[in-house]
There are 2 protein chains.
Amino acid sequence: MNLPPLVQTFVLHFGEMGGRWGVNRTVGQIYAVLFVSPQPLNADEIVEALGVSRSNVSMGLKELQAWNLVRLQHKPNDRRDYYSAPEDIWQIVRTLVEERKKREIDPTLSMLREALMARPESELERHAQERMREMHDLMDMMSDWYDDIRRIETERLVQLMKLGSRITRVLEAADRLNFMSPRKKKPEADDAPSES
Amino acid sequence: MNLPPLVQTFVLHFGEMGGRWGVNRTVGQIYAVLFVSPQPLNADEIVEALGVSRSNVSMGLKELQAWNLVRLQHKPNDRRDYYSAPEDIWQIVRTLVEERKKREIDPTLSMLREALMARPESELERHAQERMREMHDLMDMMSDWYDDIRRIETERLVQLMKLGSRITRVLEAADRLNFMSPRKKKPEADDAPSES
DNA sequence: CCGATATTTCAGAAAAATCTGAAAGTTCGG
DNA sequence: CCGAACTTTCAGATTTTTCTGAAATATCGG
């Protein structure tokens, strides 16, 4: 591997982490190199940087394209393909979340939906199905939530995150202002309208 | 494998998914079985259900304990260990997020912090470090955000999720009402944390 | 169409992970 | 302290995943 130590540590770490994130080590390393590179790189430059085989890089780039994590571009008078990671790191996060949802959540949701159609034949199955329903409902709600907030623009998202748990105070205000649809919250002990 | 078809599909699916989530197939399957089981199970019952070796189950259960995903309990007049998944599915989600953060985010953050200390020796390193800083800042913010919202109680979280993107409307109100006071800077590594 | 340049495919090699059975370890009542 | 009932450990077998080199395929300017 032919990289300055600073970059090498970063690349190796992403290689390791890649494993936990559903891609192999090489794919993780390729992405790390692209991420820190000031310009787009072609496949041979990546081979040079990482010291893995050309074919391995080719497969890795293909996988990164399947994940929508890299952009392919060309230089004038150069037939080679050049790849880069998006400038905007928030865009990267969005893509990552989107793709992981597509690969993990969506298939699980559809498996659960199928399972919930079946008619339980025993008490054991009845209980199992009950648990699956809980899981389905939770994931379904998260899925809806994601579909909703993914449309919020980045700056607003940052604002929300910085607000953190103080959001709940805002939520109390929301209750009072009836921002929320049908659900009604039980009022706290309040001195204004006391009966008995 | 000795399970009703309904449950079997669920268990096999979680075996597959387990791989993507940093645990092996057997661990995923064990958890699936515990999740749908009406009572706690002992190791031999799991062996029976999944048709894998006793030692494999033993290692799987050990790993699930390392993830804090199972509870160990005992029955009167029975020396065997009985395992169960928590009743509360939200508790399961919280644990999963907590542990995944611990294993993926935290190590990455500390690698990045290290890398940001180094002095860049070239333009290439300078740019790489710049990108790492972007990544660090984003992850750090998410980490702070998580530390903050994890303390919100479940019911409130559900309320927030149901609110979805309408939260931005509330946020506009927040701007006007000046809810956003200057945020307390998080304390640096300090081993004598004071009560909230 | 040719030859040069570039990329992809893929069968088998290499490496990594998972799983197993046997043995060792632990804990208990008596 | 013993033996029965359980659990854990671990070296090697098995399976799965990853990686490579060689061959095939594609694309371009001339």
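Each chain gets a letter, A, B and so on, in the order the sequences are listed, and its residues count up from 1.
- Using a 4.0 Å heavy-atom criterion, one finds that Asp44(B) contacts no nucleic acid atom at all.
- For dT8(C), the OP1/OP2 oxygens have a side-chain nitrogen or oxygen of Ser58(A) closer than 4.0 Å.
- Remark: Phe14(B) engages Phe10(B) in a ring-ring contact (aromatic ring centres under 6.0 Å, His included) (not counting sequence neighbours).
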Per-pair distances, 0.1 Å, donor-acceptor, side chain in residues 32-41 of chain A, under 3.5 Å, sequence neighbours excluded:
{"unit_1": "Ser37(A)", "atom_1": "OG", "unit_2": "Gln39(A)", "atom_2": "N", "d": "3.2"}
{"unit_1": "Ser37(A)", "atom_1": "OG", "unit_2": "Gln39(A)", "atom_2": "O", "d": "2.4"}

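- A donor-acceptor pair is defined here as one N or O able to donate and one able to accept, closer than 3.5 Å; no such pair exists between the side chain of Glu125(B) and the backbone of Val7(A).
- Each of Lys102(B), Lys101(B), Arg100(B) was compared with Glu104(B) under the salt bridge (charged side-chain N to carboxylate O under 4.0 Å, His left out) criterion, and only Arg100(B) meets it.
- Qualifying side-chain hydrogen bond (donor to acceptor under 3.5 Å, both in side chains) partners for Glu98(A), counting only residues two or more places apart in sequence or in other chains: Tyr146(A), Arg150(A).
- Counting only residues at least two apart or in different chains, salt bridge (Lys or Arg N to Asp or Glu O under 4.0 Å) contacts with residues 72-83 of chain A comprise Asp78(A)-Arg80(A).
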- Task: Any chance you could list the contact pattern along nucleotides 23-30 of chain C? Use B for base contacts, S for sugar-phosphate-only contacts and - for none, protein heavy atoms under 4.0 Å, 5' to 3'.
- Result: ----BS--
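- Within the 3.5 Å criterion, the main-chain N or O of Ala118(B) finds a donor-acceptor partner in the side chain of Gln129(B).
- Of the side-chain N and O atoms in Lys62(A), one or more sit less than 4.0 angstrom from OP1 or OP2 of dT9(C).
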- Task: Assign a letter to each nucleotide of nucleotides 17-24 of chain D from its 5' end: B, base within under 4.0 Å of a protein heavy atom; S, sugar-phosphate only; -, no contact.
- Result: -SSBB---
